[in-house]
Number of protein chains: 2
Amino acid sequence: MARIKPTDTTSRREIINAEAALLIRQKGFKAASMRDLATRVGVEAASLYNHIASKSELLHGICFSVAHRFMLKIEEVENKKITVLQKIEMLLRYHINEMVHHYEEVYVSDREWRHLTEPYLSDYKELRRRYRRKFAALIEQGTKQKEIKAIDAPTAVLIVLHAIGGIESWHRSKRKISTKELENNMITILIEGMANKTINKN
Amino acid sequence: MARIKPTDTTSRREIINAEAALLIRQKGFKAASMRDLATRVGVEAASLYNHIASKSELLHGICFSVAHRFMLKIEEVENKKITVLQKIEMLLRYHINEMVHHYEEVYVSDREWRHLTEPYLSDYKELRRRYRRKFAALIEQGTKQKEIKAIDAPTAVLIVLHAIGGIESWHRSKRKISTKELENNMITILIEGMANKTINKN
DNA sequence: CCTACCGATCGGTAGG
DNA sequence: CCTACCGATCGGTAGG
């Protein structure tokens, strides 16, 4: 039943990880059973434990790899010498691309992280808080420099980050516009929603 | 353990419904156990079945009552004699208020509906599709009348509806701005993100 | 990587 | 509304 065959470049562990992300996205963490996963990978349930330590380790792996990628990106963007709106646009495009190209993992880390167990749960929440604080700091800076309207920065972060979660529905719809169109539509609404019209021409 | 005591106006069934919404929101549908619920209501697990038929009936009740309220609202708004942007603003404010005042139910219907069983699952998805189609039709109409920018309507619906889901995080944060401020920040970003600047003064 | 099997927990029923 | 209990399923282990 394995949809992905192991090769020199794809280890069994990587296959398990990929199938786990897909399964957890489809059913939710609690409803995703190890027996289900084993069938998809093409082995007996007990055999999975030669490659992984536990079910929660799978969730944990997905959540932290995604969280770390986003953290690296925002730290890279922070240091660039461009306007705040350009930084935010860059982050939005990154988010959209992550959602499009690593859909299962990003979705799972976004919606299933609460099933993490301690101490990982606290670590993950802390990572998430730090990311949001950085994002809010960018928006606040933009407001101070009159690039962005006088809006509450943490609220703006919530709106923007959740708005991107909407790609989930796009991803599974049949009537798809292209990725580029999707990206541009999102940028148009969100960036122009935040931009200060008295400064930005057009 | 019952947090709510039954009175003349609050039946036991209503208490069960309210505690179920809270529990399912906190743990997710699969992880929410009937034994957990029973303890919160203050009875033995078996006793719950004198008031409800099954666990899935609880989810089903929550999802459909929320979905029907939203459907009624959009049908009311559609017929008003106001501009399209005003209609959309009205819907956004309704969404925000629902999220603020019926947080548990709205959250559950939004994130846990996939655990509905057939035929309810299909019915719910159909309701959701109809709602989105109506919303998209409004946006398209706005675009045609030059009130709204030339954006892809279904994409705009996704963005807007998911953005509102962000209130979830607001709802549980300590550092709360007021409901009115929250509402106005959201409206500012989203409505102005969609509005066509060449037409709308300000 | 498999067979065999464990203890725990689940939703739900019988019967009073 | 309770006691007692069911069959199913779960994550995980032993032992090879």
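Chain naming here is simple, since letters A, B, ... match the order of the sequence lines and numbering starts at 1 in each. Keep in mind that the numbers below use all heavy atoms, side chains included, and drop hydrogens, waters and symmetry copies.
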Is it the case that the ring center of B/His95 lies less than 6.0 angstrom away from the ring center of B/Phe70?
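Here the rings of B/His95 and B/Phe70 have centres that are less than 6.0 Å from each other.
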Measure the distance from [atom1] on [X] to [atom2] on [N] and round it to the nearest whole Å.
{"X": "B/Leu48", "N": "C/dT13", "atom1": "CG", "atom2": "C1'", "result": "14 Å"}
{"X": "B/Leu37", "N": "C/dT9", "atom1": "CG", "atom2": "P", "result": "18 Å"}
{"X": "A/Glu44", "N": "D/dT13", "atom1": "CD", "atom2": "P", "result": "17 Å"}
{"X": "B/Ile52", "N": "D/dC1", "atom1": "CD1", "atom2": "C1'", "result": "14 Å"}
{"X": "B/Ile15", "N": "D/dC1", "atom1": "CD1", "atom2": "C1'", "result": "14 Å"}
{"X": "A/His51", "N": "C/dC2", "atom1": "NE2", "atom2": "C1'", "result": "13 Å"}
{"X": "B/Asp36", "N": "C/dA8", "atom1": "CG", "atom2": "C1'", "result": "15 Å"}
{"X": "A/Asn50", "N": "D/dG16", "atom1": "CG", "atom2": "P", "result": "16 Å"}

Looking only at the side chain of [X] (C-beta and beyond, no hydrogens), which of the listed nucleotides [options] gets closest?
{"X": "A/Lys55", "options": "D/dC1, D/dG12, C/dA14", "result": "D/dG12"}
{"X": "A/Tyr49", "options": "C/dG11, D/dG12, D/dC1", "result": "D/dG12"}
{"X": "A/Ser47", "options": "C/dC1, C/dG12, C/dT13", "result": "C/dC1"}
{"X": "B/Arg35", "options": "C/dG12, C/dT13, D/dG12", "result": "C/dG12"}
{"X": "B/Ser54", "options": "D/dG12, C/dG12, C/dT13", "result": "C/dG12"}

With heavy-atom distances below 4.5 Å as the criterion, would you say the side chains of A/Lys134 and A/Val157 are in contact?
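Answer no - side chains too far apart.
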Whether A/Arg12 contacts C/dC1 is assessed here as follows: a side-chain N or O lying under 4.0 Å from the phosphate OP1 or OP2. Is that the case?
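Yes, within the criterion.
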Pairing partner of C/dG12 (Watson-Crick or G-U wobble, both distances under 3.5 Å):
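The base-pairing partner of C/dG12, which may sit in any strand shown, is D/dC5.
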Counting the atoms with a prime plus P, OP1 and OP2 as sugar-phosphate, which does A/Ala32 contact under 4.0 Å by heavy atoms, base, sugar-phosphate, or nothing?
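Since only primed, P, OP1 and OP2 atoms lie under 4.0 Å of A/Ala32, the category is sugar-phosphate.
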Just call it for A/Ala38: base, sugar-phosphate, or nothing, with non-hydrogen atoms closer than 4.0 Å on any strand.
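Counting heavy atoms under 4.0 Å across all strands, no contact is made by A/Ala38.
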Ion pair check, A/Glu140 and A/Lys144, cut-off under 4.0 Å
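No.
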So if I apply the side chain to side chain donor-acceptor pair (under 3.5 Å) rule between B/Ser122 and each of B/Lys125, B/Glu126, B/Glu118, which one comes out positive?
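For B/Ser122, the side chain to side chain donor-acceptor pair (under 3.5 Å) test succeeds with only one of B/Lys125, B/Glu126, B/Glu118, which is B/Glu118.
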Quick check on DNA chain C: between B/Ala46 and A/Ala46, whose nearest nucleotide comes earlier from the 5' end?
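Closer to the 5' end of DNA chain C: A/Ala46.
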Tell me if a side-chain donor or acceptor on A/Asp36 pairs with a main-chain N or O of A/Ala32 at a distance below 3.5 Å.
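Not at all, since once roles are kept as given, no pair shorter than 3.5 Å links the two residues.
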